[in-house]
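Here is the structure we will look at.
Each ligand, and each atom within it, is numbered from 1 in the order the structure gives. These numbers were taken from a predicted model, which means no experiment stands behind them.
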Amino acid sequence: MSEKELLIYIDGKFYPKSQAKISVYDHGLLYGDGVFEGIRAYNGIVFKLKEHIDRLYSSAHAILLQIPLIKEEVMKAVIETLKTNDLTNAYIRLIVTRGVGDLGLDPRKCPKPTVIVITDTIKIMDPKVKEEGVKAVIVWVRRDAMDATPRNVKSLNYLNPVLGKIEANLAGADEGICLGADGSVCEGIAENIFIVKDGVIYTPTTCTGALPGITRKEVIKWARQLNYQVVEKIIAPSELFDADEAFFTGTAAEIVPIREINDRIIRDGKPGPITRRLMEEFQKAIKNPNEGTPIH
Ligand code: PMP
């Protein structure tokens with residue numbers, strides 16, 4: 001029996017996945033000129049949809065990209081795409097490109113941005129590895145400086161993380177850790193990073209060039225509600241090796257314990273108690289209808 005083909009939203013219309021195409025003159029393709037969000041739906045609830053839409057508009061604002069829809073219409077497009085595909089659990093990729101222009105990079109040549117919603121699944125890590133803790137490696141690829149391509153604008157320009165992932169792959173690691181332009185710890189490939197030392201939770205400040213992750217923000221909130229001290233600071237790479245616990249956070253990754261970094265085992269190599277406690281909070285939150293937007 002052939003599976004029903006997923007339908008993709010492009011500029012207000014639905015197309016079967018095999019026919020969902022955009023122009024080769026779209027500056028999203030030619031220059032990585034555009035913005036996007038990765039969002040998750042769990043059990044009929046789109047987790048933190050409003051927050052993702054807000055970040056999409058902030059990213060677009062920073063690159064002077066005028067999204068041709070208001071926020072409510074973009075939210076509706078996301079919900080409609082999920083409904084059309086009869087999905088209650090999904091990974092959602094919401095993309096707004098600069099649109100079709102000519103071969104010069106001038107954005108003024110692109111009169112109409114392209115809006116795309118893909119609702120599918122994502123698997124970025126082996127579930128068993130994810131549970132036991134991943135092997136991470138600090139890669140040579142630095143995040144751009146604050147005044148270069150900013151990572152806090154979630155743009156389509158992802159060559160930096162792609163290069164990081166290539167290096168992690170070559171090192172036989174599950175995940176990479178990127179440093180900021182100043183050499184301090186910044187984030188994972190497409191995740192934020194946290195460490196725990198003597199009961200205190202630390203994460204790099206977003207001034208290092210780390211994306212202000214939506215999962216990161218929630219984790220900080222839950223940790224503080226649980227009375228843990230959370231400190232955003234500059235973290236030296238060597239501090240990672242000395243951590244009692246370490247974990248990544250992200251929409252696609254969720255919360256992932258880190259077992260080892262550049263061959264240094266983190267404490268006993270097992271997910272630590274604070275990491276596990278926060279993973280429980282994550283599971284609670286994704287089941288809570290108040291933490292997202294219902295599909296139906
Ligand atoms: N950093 C980068 C570079 C990312 O691409 C992502 C994924 N969006 C994250 C961090 C994690 O952010 P979030 O929790 O919002 O998914």
Side-chain angles (χ1 to χ4, degrees), residues 32 34-42 46-60 62 78 90-96 118 120-125 130 134 136 138-139 141-146 148-168 175-181 184-195 201 203-223 230 232 235 246-256 258 275 278-279 281-283 285-286 291-293:
V35 293
F36 78 100
E37 282 296 317
I39 314 168
R40 285 287 270 266
Y42 297 96
V46 187
F47 187 60
K48 299 285 160 198
L49 178 59
K50 286 196 183 74
E51 288 77 355
H52 282 283
I53 301 284
D54 284 345
R55 188 171 64 185
L56 181 82
Y57 276 77
S58 301
S59 298
V78 169
Y91 176 81
I92 302 148
R93 180 58 60 90
L94 169 59
I95 307 159
V96 184
I118 307 170
D120 206 326
T121 52
I122 195 165
K123 183 174 169 247
I124 59 165
M125 284 168 201
K130 208 175 135 177
V134 293
I138 301 169
V139 297
V141 187
R142 298 250 177 132
R143 284 293 189 248
D144 294 310
M146 269 196 279
T149 317
R151 221 26 62 201
N152 57 358
V153 173
K154 205 163 159 52
S155 81
L156 293 177
N157 206 311
Y158 254 53
L159 195 55
N160 181 297
V162 170
L163 279 176
K165 184 64 185 168
I166 289 171
E167 288 308 310
E175 191 54 36
I177 297 171
C178 294
L179 305 181
S184 71
V185 176
C186 184
E187 57 181 345
I189 300 299
E191 301 87 24
N192 292 107
I193 189 168
F194 288 77
I195 57 170
I201 303 171
T203 192
T205 74
T206 52
C207 293
T208 56
L211 181 83
I214 287 169
T215 323
R216 173 187 186 274
K217 190 171 169 204
E218 292 305 301
V219 163
I220 292 173
K221 185 184 81 186
W222 300 328
V230 185
E232 295 179 57
I235 298 174
F247 58 92
F248 292 118
T249 66
T251 299
E254 304 175 323
I255 301 180
V256 183
I258 304 175
T275 309
L278 291 166
M279 288 167 88
E281 286 305 306
F282 182 85
Q283 288 305 321
I286 59 173
E291 298 285 350
T293 304

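- Note on ligand 1: R55 sits in its first shell, one or more heavy atoms being nearer than 4.0 Å.
- Backbone and side-chain nitrogen or oxygen atoms of T251 are examined, and one is located within less than 3.5 angstrom of a nitrogen or oxygen of ligand 1.
- Per-residue contacts place G213 under 4.0 angstrom from the following atoms of ligand 1 (heavy atoms of the residue considered): 12 (O), 13 (P), 14 (O), 15 (O).
- The pair E232-R216 meets the salt-bridge criterion, since a charged nitrogen lies less than 4.0 angstrom from a carboxylate oxygen.
- Polar contact with ligand 1: absent for I189 (N/O pair, distance under 3.5 Å).
- Annotation: the span from E167 atom CD to I138 atom CD1 amounts to 13.5 Å, rounded to 0.5 Å.
- For K154, the heavy-atom gap to ligand 1 drops under 4.0 angstrom.
- Here is the list of ligand 1 atoms found below 4.0 Å of a heavy atom in G250: 11 (C), 14 (O), 16 (O).
- Residues that satisfy the ring pair (Phe, Tyr, Trp, His ring centres under 6.0 Å) test with F36, not counting sequence neighbours, are Y158.
- Which parts of ligand 1 touch L211 is read off a 4.0 Å heavy-atom cut-off, strictly below it: atoms 1 (N), 2 (C), 4 (C), 6 (C), 8 (N), 9 (C), 10 (C), 12 (O).
- By the 3.5 Å distance cut-off applied to N or O atoms, T249 is not counted among the residues near ligand 1.
- Across all their heavy atoms, I189 and K165 have their closest contact at CD1-N, 3.5 Å.
- Residue contact check: T215 has heavy atoms under 4.0 Å from atoms 13 (P), 14 (O) of ligand 1.
- Short contacts between ligand 1 and Y158, defined as distances under 4.0 Å to a heavy atom of the residue, involve ligand atoms 2 (C), 3 (C), 4 (C), 5 (O).
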Review point. How far apart are the C-alpha atoms of E51 and K217, what are their side-chain angles, what is the distance that settles it, and do they pass the salt bridge (charged side-chain N to carboxylate O under 4.0 Å, His left out) test?
Key: CA-CA 10 Å; E51 288 77 355; K217 190 171 169 204; over 6 Å; no

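- Close approach of ligand 1 to E187 (heavy-atom distance below 4.0 Å) involves ligand atoms 1 (N), 2 (C), 3 (C), 10 (C).
- Applying the ring pair (Phe, Tyr, Trp, His ring centres under 6.0 Å) rule to F248 yields no partners; only residues at least two apart in sequence or on another chain are considered.
- Here the straight-line distance linking atom CG of L94 with atom NE2 of H52 works out to 10.0 Å at 0.5 Å rounding.
- Taking a 6.0 Å sphere around CE of M146, one finds it holds 12 or fewer heavy atoms contributed by other residues, nucleotides or ligands.
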